[in-house]
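Heads up: the structure comes next, in structure tokens.
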Amino acid sequence: MSVEKQLKAKSGYGMLAVVIVALVAIVGLFIWSVAGIAGTPDGVDAPAAYGLGLGASIVAFCSWFLPLNGFFSLQPGQARVCILFGKYVGTVRDEGFFWANPFYSKSMGGSAGIGEMLELEMSDSKAAKAAAQKAVKGNPCTISTRVRTLNGERLKVNDKMGNPIEIATVVVWHVADTAKALFDVDDYQSYVAMQAETALRHVASVYAYDHLEDESDAAGAITLRANVEEVSEALRRELAMRLAPAGVEVDDARLTHLAYSPEIAQAMLRRQQAEAVIAARKKIVEGAVSMVDMAVKEMAAGGTIELDDERKANMASNLMVVLCGESETHPIVNAGSLY
């Protein structure tokens with residue numbers, strides 16, 4: 001596993017001044033040499049110093065362009081990975097204008113084979129051709145360390161109970177270790193996208209979409225719909241573990257979409273409606289029973305009306321019908337004797 005090493009680059013302004021002074025000196029040497037050779041009388045050999053000066057100025061001028069390749073600048077939130085002839089030297093994280101060894105690589109070498117590149121280039125797909133070009137050039141050595149957001153697509157997965165659901169997530173991440181991001185994985189951005197999808201599928205299969213009343217531990221179980229914070233935290237931990245080899249840290253992970261698949265959405269809606277009706281009926285029955293019990297006890301405690309068990313049962317039945325019925329009741333008044 002690669003480990004990032006901090007590297008301090010030299011200020012580019014000082015080296016720029018040196019380069020400018022060197023250019024002036026080279027031009028001055030060239031002019032002096034040419035003027036000396038031109039001023040030599042005919043028939044007299046020019047001093048060797050003029051010839052040496054002319055040759056040195058030409059060689060120096062050709063070499064003068066080499067240091068120009070060492071200048072680079074970094075903005076806030078950027079870092080440059082320095083690679084010298086295939087060896088990792090360090091990472092510059094400071095912002096500003098710098099100069100470093102001009103032989104440091106500007107980009108990573110391509111990882112695709114010749115056959116794979118030819119196959120991608122011959123493809124009609126623009127994405128395939130872009131992938132081929134990227135495989136040839138490789139990743140740039142200047143990498144962004146800013147916070148990024150990955151808005152995942154909607155995935156169709158099965159939850160813990162096997163129900164097909166649609167789910168999507170948004171992941172906030174940043175590169176923490178530039179060496180791991182460039183050297184330990186082929187393409188860290190594609191790696192993040194693939195691992196985000198894999199982690200989301202795994203977390204969705206661990207939890208059920210909603211509570212089921214026939215489950216013994218339904219009241220305390222974590223579900224995707226009812227426990228969004230817990231599920232998001234589990235997803236963040238899963239992503240942090242999977243993305244650690246790529247030097248990527250996960251700042252946040254949240255579910256952005258959660259729903260049943262269209263083929264079972266109507267059936268699940270009817271089930272939820274049935275559960276709501278059952279819960280309402282249960283509450284109504286509990287209240288009606290307590291009211292009937294209170295009425296019978298109050299009548300018996302007063303002593304004004306004495307009812308046998310059969311009349312108590314009949315009255316309880318009538319009260320239950322009145323209290324639990326959905327439509328309005330129409331009572332029949334008994335004008336005769338109770339017995």
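As the structure is a computational prediction, the values presented were derived from the model and not from experiment.
- Taking each heavy atom of Arg93 and Ala79 in turn, the nearest pair found is CG-CB, 3.9 Å.
- At distances below 3.5 Å, not a single donor-acceptor pair connects side-chain atoms of Arg237 with backbone N or O atoms of Ser232.
- Atom CG of Leu235 and atom NE2 of His202 lie 11.0 Å apart (nearest 0.5 Å).
- Leu258 contributes atom CG, which lies 9.0 Å from atom CZ of Arg225 (distance to the nearest 0.5 angstrom).
- If you take OG on Ser11 and CZ on Phe97, they are separated by 8.0 Å, rounding to the nearest 0.5 Å.
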Checking Glu238 against Arg201 for the salt bridge (Lys or Arg N to Asp or Glu O under 4.0 Å) test, could you report, in this order, the C-alpha distance in whole Å, the side-chain angles of both residues, the deciding distance, and whether it holds? CA-CA 11 Å; Glu238 180 81 11; Arg201 290 183 180 274; over 6 Å; no
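- Panel note: side chain Asp177, backbone Lys180; a donor-acceptor pair is recorded below 3.5 Å.
- Side-chain N or O atoms of Ser33 include one that pairs as donor or acceptor with a backbone N or O of Leu54 at under 3.5 Å.
- Dense packing is recorded around NE2 of His257, with more than 12 heavy atoms of other residues, nucleotides or ligands lying under 6.0 Å away.
- Nearest heavy atoms, Gly12 versus Phe71: O-CE2, 3.3 Å.
- The OG atom of Ser73 lies 11.0 Å from the CD atom of Glu95; values are rounded to the nearest 0.5 Å.
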Under the side-chain contact (heavy atoms from CB on, under 4.5 Å) criterion, do Arg80 and Lys106 qualify, and how do the steps go? CA-CA 9 Å; Arg80 181 182 177 182; Lys106 296 293 183 180; 3.9 Å; yes
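- Side chain of Asn163 to backbone of Asp159: no donor-acceptor contact under 3.5 angstrom is found.
- Side chain of Trp173 to backbone of Leu239: no donor-acceptor contact under 3.5 angstrom is found.
- The minimum heavy-atom distance between Pro164 and Asn158, with the atom names listed, is CA-OD1, 3.4 Å.
- Judged by distance alone, the side chains of Glu4 and Thr178 do bring a donor and an acceptor atom under 3.5 Å apart.
- Between the side chain of Trp64 and the backbone N or O of Ala22, no donor-acceptor pair lies under 3.5 Å.
- Ion pairing between a basic and an acidic side chain is recognised when a charged N comes within 4.0 Å of a carboxylate O; Arg254 and Glu233 show no such pairing.
- No path of Ile, Leu, Val, Met, Phe, Trp and Tyr side chains, each step under 4.5 Å between heavy atoms, connects Val81 with Tyr104, placing them in separate hydrophobic clusters.
- Taking both residues in full, the closest heavy atoms of Ile222 and Tyr207 are given as O-CD2, 3.5 Å, listed atom of the first, atom of the second, then distance.
- A donor-acceptor pair is defined here as one N or O able to donate and one able to accept, closer than 3.5 Å; no such pair exists between the side chain of Thr169 and the backbone of Gly152.
- Around atom CZ of Phe103, no more than 12 heavy atoms belonging to other residues, nucleotides or ligands sit under 6.0 Å away.
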Are Val89 and Leu84 close enough, and set up right, to give a side-chain contact (heavy atoms from CB on, under 4.5 Å), and what steps lead you there? CA-CA 7 Å; Val89 179; Leu84 182 62; 3.8 Å; yes
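- Tyr188 and Ile83 fall within a single hydrophobic cluster, where Ile, Leu, Val, Met, Phe, Trp and Tyr side chains are chained together by heavy-atom contacts under 4.5 Å.
- Closest of all the heavy-atom pairs between Pro245 and Asp184 is O-CB, 3.7 Å.
- Distance alone, capped at 3.5 Å, places no donor-acceptor pair between the Lys10 side chain and the Asn101 backbone.
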Check the pair Glu197 / Gln195 against side chain to side chain donor-acceptor pair (under 3.5 Å), numbers first and verdict last. CA-CA 5 Å; Glu197 178 179 341; Gln195 292 301 323; over 6 Å; no
Evaluate the side-chain contact (heavy atoms from CB on, under 4.5 Å) criterion for residues Val231 and Thr223: first the C-alpha distance (whole Å), next the side-chain angles of each, then the deciding distance (0.1 Å), finally the verdict. CA-CA 8 Å; Val231 173; Thr223 61; over 6 Å; no
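- The aromatic ring centres of Phe30 and Phe61 sit 6.0 Å or more apart.
- A single hydrophobic cluster is not seen to contain both Ile20 and Leu29; linkage of ILVMFWY side chains at heavy-atom distances under 4.5 Å, directly or through other members, places them apart.
- Phe72 is not connected to Met15 by any chain of hydrophobic side-chain contacts under 4.5 Å among Ile, Leu, Val, Met, Phe, Trp and Tyr, and they are in different clusters.
- Between Met161 atom CE and Ser205 atom OG the span is 13.5 Å, to the nearest 0.5 Å.
- Heavy-atom minimum distance, Lys8 versus Asp94: NZ-OD2, 3.1 Å.
- Within the model, atoms CD1 of Ile165 and OH of Tyr260 stand 8.5 Å from one another, a figure rounded to the nearest 0.5 Å.
- In Met241, the CE atom is crowded: over 12 heavy atoms of neighbouring residues, nucleotides or ligands sit closer than 6.0 Å.
- Clustering ILVMFWY residues whenever any of their side-chain heavy atoms sit less than 4.5 angstrom apart, transitively, puts Ile167 in the very cluster that holds Val206.
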